[in-house]
2 protein chains.
Amino acid sequence: MPQTELSFTEENYLKAIYHLSVGGTQAVSTNAISDRLQTKPASASDMVKRLARKKLLQYEKYQGANISPEGIKLALKVIRKHRLWEVFLVEKLNFNWDEVHEIAEQLEHIRSPLLIRRLDEFLGFPKHDPHGDPIPDENGSVSTRPRKPLSDLHDGESGDFLAVKDTSSSFLQYLDKLDIQLGANIRVMEKVEFDDSMKICLNDKKELYISAQVASNLYVSKN
Amino acid sequence: MPQTELSFTEENYLKAIYHLSVGGTQAVSTNAISDRLQTKPASASDMVKRLARKKLLQYEKYQGANISPEGIKLALKVIRKHRLWEVFLVEKLNFNWDEVHEIAEQLEHIRSPLLIRRLDEFLGFPKHDPHGDPIPDENGSVSTRPRKPLSDLHDGESGDFLAVKDTSSSFLQYLDKLDIQLGANIRVMEKVEFDDSMKICLNDKKELYISAQVASNLYVSKN
DNA sequence: ATCCTATTTTAGATGATCCTAAAATTATTT
DNA sequence: AAATAATTTTAGGATCATCTAAAATAGGAT
Ligand SMILES: [Mn+2]
Ligand SMILES: [Mn+2]
Ligand SMILES: [Mn+2]
Ligand SMILES: [Mn+2]
């Protein structure tokens, strides 16, 4: 029996815990959770207990939380909705990629399986959101494209710009200013030993310099 | 200074009170409110006090609530969103008119003025929702089309079907079955004295019988 | 092994929203 | 006008989500 529906807050915590889990191998600390959600550790502690009671994660005092398969399933449902709505906002309502996150944070909690199916169809079953992140399918499968930070490339190597790591408005707007768009081919012309900044070439046309920090926040395809 | 944003619950109460206000001349009772929202009178009593504190309505103990101009403005904002989303669901996502209300009840609370402006534009600035109800503009003006219940028409008179009064799924589905669609021209062929049922003609083509109850829930234009 | 510090949990409070049961008020009938 | 019925409010309590401050624990440094 699936328990009663999660509240918006529970969904937000679960999603945060999911995001903190992927990649990392150890349990997620309550501090990390409260940090991410802009709440206090005490609140995260309470919530983790609640989610554990609902079997969405394992939790032992002082040992952090481990999201369960059931928890992952629910988190991916919310993430699927978030990303589909982001596509809608950009593709259909002409929002810029730096404007959609806040609104999607709200829309991701709308409950209607049929709505999401129809939205998916309306959008042409997109595989990635405006930031290049994969959209989980109805069953919670996430397609992973092999990728690595641009900063890992060496002189002469190139890759396609697949996704951003940092999705902050300021970073996305800076990329706009530099005319660096998702899908562009990026070739490393020169990597500066001293500070890891690089000269890159976009689509074999436009050359520009970017800092190591920028480079580390751009994911490119592994060719 | 506009006070801090309303909660979903406050918005729902305010909208209910607005709907109960229009047409009626006297104050809205807490019983009527709790009835409409499927809560208890005690809860409505609490909420009415809260909304009065926020100047969204006048309220005197035992005397019911009167929504204020400020309250009306906020209620209409929510109603505008509700109806725009209903249009979106029907026009873009191919929902039937009987399926959209529940989902719009959720979507109406999404906060983003820009989103609503863009949605309005995307939909081509619709003037009415799928049930024929007018969509308030950004300033809260509601265009009213002169209309009356079909049951008020006499033999030989006709009008265009502008809106439904009852928006329940069962009524809307029944109209679908009878092939009675918004915009259709309806002519009264014969009104039965005995039970006020009538024989009508749709678009000068199809004749059928409808009960007085059905007729009283169809609004037609006053020619 | 002990101490110190950083992390984490608990205790206790608050506000929002809801409820049930009892009290107060208003409306209707005799 | 008094009695009765219906409506409405209050009292008191539950749950959720949050906080602050204090207590407990863990992990690293001496
Ligand atoms: Mn986002
Ligand atoms: Mn995204
Ligand atoms: Mn509706
Ligand atoms: Mn409607």
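Within every chain, numbering begins at 1; the chains are lettered A, B, ... in the order of the sequence lines, protein sequences first and strands thereafter. The shown structure was predicted, so the numbers you read here are calculated from the model rather than taken from an experiment.
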- Message: Rounded to whole Å, please give me the gap between CD in B/Gln38 and P in C/dC18.
- Response: 12 Å
- Note on the structure: Between B/Ser21 and B/Val28 the two heavy atoms that sit nearest each other are OG-CG2, 3.5 Å
- Task: Please determine if a side-chain N or O atom of B/Tyr13 lies less than 4.0 Å away from the OP1 or OP2 oxygen of C/dA16.
- Result: no
- Query: So which one's nearest nucleotide on DNA chain D is more toward 5', A/Thr9 or B/Asn31?
  - Reply: B/Asn31
- Item | Pair A/Asp195-A/Ser197, side-chain donor/acceptor within less than 3.5 Å | yes
- Message: Without decimals, in angstroms, what is the distance between A/Gln26 CD and C/dT7 C1'?
- Response: 15 Å
- With sugar-phosphate meaning primed atoms plus P, OP1 and OP2, does B/Thr39 contact a base, only sugar-phosphate, or nothing at under 4.0 Å between heavy atoms? sugar-phosphate
Could you list all N or O pairs between the protein and nucleotides 11-14 of chain C that sit under 3.5 Å apart?
none

- Query: So, are A/Glu108 and A/Lys15 salt-bridged, with charged N and O less than 4.0 Å apart?
  - Reply: yes
- Note on the structure: Between CE of A/Met47 and C1' of C/dT8 the distance, given in whole Å, is 17 Å
- Task: Please work out if A/Phe8 contacts a base, only the sugar-phosphate, or nothing of the nucleic acid, heavy-atom cut-off 4.0 Å.
- Result: nothing
- Rounded to whole Å, CZ of A/Arg53 lies from P of D/dT15 at a distance of 10 Å
- Query: Should B/Ser45 be listed as having a side-chain N or O under 4.0 Å from OP1 or OP2 of D/dT9?
  - Reply: yes
Give every donor-acceptor pair under 3.5 Å between a side-chain atom in residues 112-128 of chain B and any protein atom, sequence neighbours left out.
{"from": "B/Ser112", "atom 1": "OG", "to": "B/Leu115", "atom 2": "N", "distance (Å)": "3.1"}
{"from": "B/Arg117", "atom 1": "NE", "to": "B/Glu138", "atom 2": "OE1", "distance (Å)": "3.3"}
{"from": "B/Arg118", "atom 1": "NH1", "to": "A/Leu93", "atom 2": "O", "distance (Å)": "3.0"}
{"from": "B/Arg118", "atom 1": "NH1", "to": "A/Asn94", "atom 2": "O", "distance (Å)": "3.1"}
{"from": "B/Asp120", "atom 1": "OD2", "to": "B/Arg80", "atom 2": "NH2", "distance (Å)": "3.2"}
{"from": "B/Lys127", "atom 1": "NZ", "to": "B/Phe125", "atom 2": "O", "distance (Å)": "3.1"}
{"from": "B/His128", "atom 1": "NE2", "to": "B/Arg145", "atom 2": "NE", "distance (Å)": "3.1"}

- Note on the structure: Here the distance between atom P of D/dG13 and atom NZ of B/Lys40, to the nearest Å, is 20 Å
- Message: Whether A/Ser29 contacts C/dT8 is assessed here as follows: a side-chain N or O lying under 4.0 Å from the phosphate OP1 or OP2. Is that the case?
- Response: yes
- Query: Can you check the A/Glu10 CD to D/dT18 C1' distance for me, whole Å?
  - Reply: 14 Å
- Message: Tell me the interatomic distance from B/Ile33, atom CD1, to C/dC18, atom P, rounded to whole angstroms.
- Response: 13 Å
- Flag the pair B/His82 / B/His101 as yes when their ring centroid distance falls below 6.0 Å, and as no otherwise. yes
- Item | B/Arg111 bridged to A/Glu102 by N-O distance under 4.0 Å | no
- Message: Just so I know, are the side chains of B/Tyr13 and B/Ser34 near enough to count as touching, which here means a heavy-atom distance under 4.5 Å?
- Response: no
- Is the shortest side-chain N/O distance from A/Lys49 to OP1 or OP2 of C/dT9 below 4.0 Å? no
- Message: Which heavy atom of A/Asp166 sits nearest to which heavy atom of A/Leu172, and what is that distance?
- Response: O-CD2, 4.3 Å
- Item | Distance test, side-chain N/O of A/Ser7 to OP1/OP2 of D/dC16, below 4.0 Å | no
- Can B/Trp97 and B/Asp129 be counted as having a side-chain donor-acceptor contact under 3.5 angstrom? no
- Heavy-atom pair of closest approach, residues A/Met198 and A/Ser151: CE-CA, 4.1 Å
- Minimum-distance nucleotide to A/Thr30 side chain [options: C/dC18, C/dT20, C/dT8]: C/dT8
Nucleotide N/O to protein N/O under 3.5 Å, stretch nucleotides 25-28 of chain D:
{"from": "D/dT25", "atom 1": "O4'", "to": "A/Tyr62", "atom 2": "OH", "distance (Å)": "3.4"}

